[in-house]
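Notes follow once the structure below has been shown.
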Amino acid sequence: QVQLVESGGGLVHPGGSLRLSCAASGRTFNSYVMGWFRQALGKVREFVAAINWSGATYYADSVKGRFTISRDNVKNTVYLQMNSLKPEDTAVYYCGSRDGGAIRTVSNLYDYWGQGTQVTVSS
């Protein structure tokens with residue numbers, strides 16, 4: 001059983017930056033892959049970025065070059081640095097974990113989820 005808690009969301013202007021954190025607790029030793037997904041109002045949850053235990057990363061095309069995912073295995077924390085934010089980045093951002101070792105971009109393949117943190121990009 002894994003518990004995930006996101007933090008760091010807020011309101012920013014276009015072009016601004018935010019850094020999200022996901023703190024994991026419980027049986028985290030099987031959480032080989034951690035990912036960030038987002039869900040805008042009225043839309044499905046979509047993949048943003050993921051990182052495996054060794055530090056390999058993968059990004060959605062929509063955020064590539066602007067967002068950076070990282071993890072601190074000692075602190076059991078995953079981060080998402082978001083730069084050059086756009087209004088279309090507005091969504092609830094969720095942290096997820098999966099016990100498998102391969103990076104996946106489909107939300108159904110993740111085993112645990114946090115409650116999400118709101119990111120709003122607006123003038």
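Because only heavy atoms are used, hydrogens play no part in the values below, and waters and symmetry mates are left out as well, while side chains stay in. The first residue of the sequence shown is numbered 1, and numbering continues consecutively from there.
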Should [X] and [Y] count as side-chain neighbours, where that means a heavy-atom distance under 4.5 Å?
X	Y	value
Leu85	Phe67	yes
Pro14	Val121	yes
Ile69	Tyr58	no
Asn76	Ser25	no
Ile103	Arg98	no
Trp36	Glu6	yes
Val5	Gln3	no

Grouping I, L, V, M, F, W and Y whenever their side-chain heavy atoms are under 4.5 Å apart, do [X] and [Y] come out in a common cluster?
X	Y	value
Val2	Val33	no
Tyr110	Val92	yes
Tyr59	Val48	yes
Phe37	Leu18	no

Roughly how far, to the nearest 0.5 Å, is [atom2] of [Y] from [atom1] of [X]?
X	Y	atom1	atom2	result
Gln81	Arg66	CD	CZ	12.0 Å
Thr68	Tyr79	OG1	OH	14.0 Å
Ser70	Arg19	OG	CZ	5.5 Å
Leu11	Gln118	CG	CD	9.5 Å

Side chains of Tyr93 and Arg38: do they bring a donor and an acceptor to under 3.5 Å?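 Looking only at side-chain atoms, Arg38 and Tyr93 do form a donor-acceptor pair, the distance falling under 3.5 Å.
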
State, to 0.1 Å, how close [X] and [Y] come at their nearest heavy-atom pair, and which atoms those are.
X	Y	answer
Asn83	Ser17	OD1-OG, 2.9 Å
Val78	Ile51	CG1-CG2, 4.3 Å
Ser21	Thr77	CB-CG2, 4.4 Å
Cys22	Met34	SG-CE, 4.2 Å
Asp72	Val74	OD1-N, 3.0 Å
Thr117	Gly8	OG1-N, 4.2 Å

Go through Val119 and Met82 one step at a time and tell me if the side-chain contact (heavy atoms from CB on, under 4.5 Å) criterion holds. CA-CA 10 Å; Val119 172; Met82 305 184 295; 3.8 Å; yes

Using 30° and 60° as the class boundaries, would you call the ring planes of Tyr94 and Trp113 parallel, tilted or perpendicular? perpendicular

For atom CD of Gln115, is the number of surrounding heavy atoms from other residues, nucleotides or ligands below 6.0 Å larger than 12? no

Could you tell me whether Asp61 and Lys64 make a salt bridge, using a distance below 4.0 angstrom between a side-chain N and a carboxylate O? yes

Please check if the side chain of Arg71 supplies one atom and the backbone of Asn52 the other of a donor-acceptor pair under 3.5 Å.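 At least one qualifying donor-acceptor pair exists.
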
